[in-house]
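Below is one structure; the comments refer to it alone.
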Amino acid sequence: MDYLKELEGKRLHDHFEANMAAKTTRRRIFVPGAVIVGAGPSGLAAAACLKEKGIPSLILERANCIASLWQLKTYDRLRLHLPKQFCELILMPFPSDFPTYPTKQQFLAYLNAYAEHFDLKPVFNMTVVSARFDSRCGLWFVKTLGLKNEETEYVCQWLIVATGENAEEVVPEFEGVDEFGGPIVHTSSYKSGELFRGKKVLVVGCGNSGMEVCLDLCNYNASPSLVVKDSVHILPQEILGISTFGLSIWLLKWFPMRLVDHFLLLVSRLMFGDTAQFGINRPEHGPLELKSMTGKTPVLDIGTLAKIKTGHIRVCKAIKQLKHQAVEFIDGKVENFDAIIFATGYKSNVTSWLMETNMFSEKNGLPRKPFPNGWKGECGLYSVGLTQRGLLGASLDARRIAEDIEHSWKAEATHFMAFTACALPPTPPPQP
Ligand SMILES: Cc1cc2nc3c(=O)[nH]c(=O)nc-3n(C[C@H](O)[C@H](O)[C@H](O)COP(=O)(O)OP(=O)(O)OC[C@H]3O[C@@H](n4cnc5c(N)ncnc54)[C@H](O)[C@@H]3O)c2cc1C
Ligand SMILES: NC(=O)C1=CN([C@@H]2O[C@H](COP(=O)(O)OP(=O)(O)OC[C@H]3O[C@@H](n4cnc5c(N)ncnc54)[C@H](OP(=O)(O)O)[C@@H]3O)[C@@H](O)[C@H]2O)C=CC1
Ligand SMILES: O=C(O)C(=O)Cc1c[nH]c2ccccc12
């Protein structure tokens with residue numbers, strides 16, 4: 001009994017101490033210019049565009065480095081899957097000796113050079129937990145927690161959301177997860193197939209991550225199986241040496257999307273055959289139409305399909321439930337597996353911290369207005385890199401945001417000059 005009392009007393013004391021610590025460290029900082037949430041490629045591009053126009057900004061980043069998605073949550077053999085000209089950030093090209101599809105290390109070196117060139121110094125380990133607009137003073141109040149839960153409130157006129165479409169992992173729930181017994185990981189913590197040599201691995205999800213992880217597993221002599229729940233478009237990364245993405249953009253200048261989709265599907269059929277014969281059905285809508293309607297990115301094949309054709313990667317139906325070291329599929333088949341890798345994608349986290357309901361959809365945390373208009377909200381709120389158009393889309397957003405802020409920045413500077421000119425005493429006439 002005494003022990004319980006002592007425990008309760010200690011709990012109250014700890015609670016009091018923690019509260020005091022948090023209270024004593026609470027700070028409020030006024031930021032001239034914009035606060036940017038997220039130091040990924042989008043946040044960096046926005047800050048660079050503002051800097052170029054002489055507008056100050058402060059980037060708040062929850063991780064301890066820039067581009068944390070690329071640095072901490074991607075596998076070793078990752079390369080950009082679009083050619084470099086579609087992935088460089090605005091205002092600074094890739095070095096000319098970069099290959100067409102830069103490696104993850106090259107892309108990170110470029111991003112570090114970018115931050116250095118524009119002298120961007122994000123505040124790291126600073127997680128934004130809420131942001132609200134106060135209409136009485138016309139300012140944003142951005143609350144953050146540091147590593148020791150210390151609270152800081154940043155106050156600013158412009159708020160730029162750059163937290164990405166991949167802010168949180170999506171991990172579906174299945175009956176029997178606790179029974180499985182083997183490793184279960186998300187692709188964000190997968191580095192290479194080394195740990196899975198000789199193992200039977202089930203990869204759940206057939207987006208670009210799932211497809212590329214399967215290929216990597218093959219290269220390490222693991223035996224991957226791939227869950228294709230519904231359907232997916234697989235396109236060649238290049239058509240006769242020309243990037244499929246580049247070719248599509250060019251064709252879209254001349255032809256309607258449906259026709260370009262027909263072309264892409266025809267060429268894919270010629271190059272791959274009918275993917276349905278390997279258990280991979282194509283969606284009802286064409287690849288570009290589906291991308292623009294739902295944001296679902298087609299898979300750009302870098303060799304996975306060949307491994308499916310040779311049987312090195314097996315295709316499975318959706319999962320019904322997990323069992324001890326085994327998985328039951330909806331077609332009734334039960335198969336043994338040593339490990340499961342969820343390649344089930346990511347989601348935005350904006351609605352969890354932004355106290356504003358107009359600009360972002362509750363459903364997916366992305367701007368309600370479709371591309372190219374999703375970058376601007378109300379009351380000085382902006383978003384960059386959330387229009388499902390990859391790095392190219394982020395650069396476009398960053399440019400528009402900086403141009404927009406520049407208008408009010410200039411207007412205010414003129415206002416301020418006029419105000420100081422009136423408020424200051426007149427200059428005394430020169431002495432003879
Ligand atoms: C494996 C992979 C490969 C890709 N390859 C390509 C490609 O080849 N070409 C292409 O165009 N696109 C590609 N993409 C799309 C991808 O969205 C972009 O590459 C890019 O990373 C997007 O940049 P971003 O800054 O918008 O988001 P992110 O890179 O995700 O950066 C967002 C940052 O915000 C931070 N953050 C999130 N929440 C908070 C918070 N509450 N407080 C503070 N900070 C926060 C995160 O820690 C992160 O550092 C790829 C994506 C993945 C996952
Ligand atoms: N080399 C590169 O440049 C690479 C780029 N990327 C990019 O990164 C982003 C994220 O890609 P990725 O991680 O693949 O995520 P995606 O969201 O693109 O794909 C997730 C996949 O998981 C499937 N899925 C979701 N839930 C389940 C479930 N319960 N059972 C079975 N399958 C499920 C989805 O199917 P459905 O849609 O039917 O629900 C979808 O096929 C994309 O933009 C992608 O293009 C990724 C890897 C490499
Ligand atoms: O979102 C991604 O993963 C990208 O790489 C960018 C992208 C934008 N539109 C596309 C259409 C086809 C393939 C990739 C993209």
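Quick caveat, the model's predicted, so the values are computed rather than measured. Counting starts at 1 for both ligands and their atoms, following the listed order.
Set against the non-hydrogen atoms of P172, the atoms of ligand 2 under 4.0 Å away are 29 (N). Close contacts between ligand 1 and N349 involve ligand atoms 37 (C), 38 (N) [criterion: under 4.0 Å to a heavy atom]. Near T297, meaning under 4.0 Å from one of its heavy atoms, ligand 2 places the atoms 43 (O), 45 (O). Near D230, the atoms of ligand 2 lying under 4.0 angstrom from a non-hydrogen atom of the residue are 38 (O). Taking every heavy atom of C206 and a limit of under 4.0 angstrom, the matching atoms of ligand 2 come to 21 (C), 41 (O). Residue contact check: V204 has heavy atoms under 4.0 Å from atoms 30 (N), 31 (C) of ligand 2. Contact atoms of ligand 2 toward E212: 1 (N), 2 (C), 48 (C) (distance under 4.0 Å to a heavy atom of the residue). Each of the following atoms of ligand 1 lies closer than 4.0 Å to a heavy atom of G164: 26 (O), 27 (O). With ligand atoms numbered from 1 in the order given, ligand 1 contributes 23 (O), 24 (P), 25 (O), 26 (O) to contacts under 4.0 Å with heavy atoms of S42. Residue contact check: G38 has heavy atoms under 4.0 Å from atoms 33 (C), 34 (O), 35 (C) of ligand 1. The distance from ligand 1 to the heavy atoms of V37 drops below 4.0 Å at these ligand atoms: 42 (N), 43 (C). The atoms of ligand 1 that sit less than 4.0 Å from any heavy atom of L69 are 21 (O), 29 (O), 30 (O), 53 (C). Within the listing of ligand 2, atoms 1 (N), 2 (C), 3 (O) sit less than 4.0 angstrom from a heavy atom of R79. Of all atoms in ligand 3, listed by their number and element, those nearer than 4.0 Å to a heavy atom of L82 are 5 (O), 6 (C), 14 (C). Residue-ligand proximity, L80 to ligand 1, at heavy-atom distances under 4.0 Å covers atoms 7 (C), 8 (O). Residue contact check: F174 has heavy atoms under 4.0 Å from atoms 29 (N) of ligand 2. Below 4.0 Å from some heavy atom of P298 lie the following atoms of ligand 3, by number and element: 12 (C).
Judged by the shortest distance from any of its heavy atoms, M126 lies inside the 4.0 Å radius around the atoms of ligand 1. Ligand 2 is approached by Y75 to a heavy-atom distance shorter than 4.0 Å. Within the structure, ligand 1 has A162 among the residues with a heavy atom less than 4.0 angstrom away. Residue contacts with ligand 2 include A343, since one or more of its heavy atoms lies under 4.0 Å from the ligand.
Among T344, V170, I319, L82, the residue whose heavy atom lies closest to atom 25 (C) of ligand 2 is T344. Considering only non-hydrogen atoms, atom 9 (C) of ligand 2 lies nearest to N166 out of T294, L80, N166. Closest heavy-atom approach to atom 1 (O) of ligand 3 among the candidates L235, L290, T297: T297. One option in G295, G205, G345 has a heavy atom closer to atom 15 (O) of ligand 2 than any other, and that option is G345. Between atom 9 (N) of ligand 1 and the options G390, C87, A46, the minimum heavy-atom separation is to C87. Across H81, R62, E61, heavy-atom proximity to atom 8 (O) of ligand 1 is greatest for H81. The heavy atom nearest to atom 6 (N) of ligand 2, considering only N208, L78, V232, is found in N208.
Within the cation-pi definition used here (under 6.0 Å to the ring centroid, within 45° of the axis), R79 does not qualify as a partner of Y101. Cation-pi geometry between R197 and Y220 is not met at under 6.0 angstrom from the ring centre and within 45 degrees of the axis.
Residue H81 has at least one nitrogen or oxygen atom sitting less than 3.5 Å from a nitrogen or oxygen atom of ligand 3, judged on distance alone. By the 3.5 Å distance cut-off applied to N or O atoms, Y346 is not counted among the residues near ligand 1. Considering backbone and side-chain N/O atoms, S209 never comes within less than 3.5 Å of an N/O atom of ligand 1. Considering both main-chain and side-chain atoms, H81 comes within under 3.5 Å of ligand 2 through a nitrogen or oxygen pair. Of the N or O atoms in V128, one or more lie within a sub-3.5 Å distance of an N or O in ligand 1. By the 3.5 Å distance cut-off applied to N or O atoms, A67 is not counted among the residues near ligand 1. Considering both main-chain and side-chain atoms, S68 comes within under 3.5 Å of ligand 1 through a nitrogen or oxygen pair. Looking at ligand 2, you'll find an N or O of K229 within less than 3.5 Å of one of its N or O atoms.
Regarding atom 17 (O) of ligand 1, its nearest protein heavy-atom neighbour is N166 ND2, 3.1 Å. If you check which protein heavy atom lies closest to atom 9 (N) of ligand 3, you get K291 CE, 3.3 Å.
Here W158 and Y382 keep their ring centres 6.0 angstrom or further from each other. Taking the six-membered ring for Trp and the full ring otherwise, H81 and F86 have centroids separated by 6.0 Å or more.
Atom NZ of K104 has more than 12 heavy atoms from other residues, nucleotides or ligands within 6.0 Å. The local environment of NZ in K309 is crowded, with over 12 non-hydrogen atoms from other residues, nucleotides or ligands closer than 6.0 Å.
Per-atom contact check: atom 34 (C) of ligand 2 does not touch the protein, criterion being a heavy-atom distance below 4.0 Å.
Relative ring orientation between Y190 and F196 is described as parallel, the plane-to-plane angle staying below 30° on a 0-90° scale split at 30° and 60°. The aromatic rings of W140 and F133 lie tilted to each other, with the angle between the two planes from 30° to 60°.
Using a 4.5 Å heavy-atom cutoff, the side chains of D301 and Q237 are not in contact. For the pair H285 and M293, the minimum side-chain heavy-atom distance is below 4.5 Å.
Counted by atom type alone, E168 and N349 present one or more donor-acceptor pairs between their side chains at under 3.5 Å.
For S209, heavy-atom contacts with ligand 2 shorter than 4.0 Å involve the backbone as well as the side chain.
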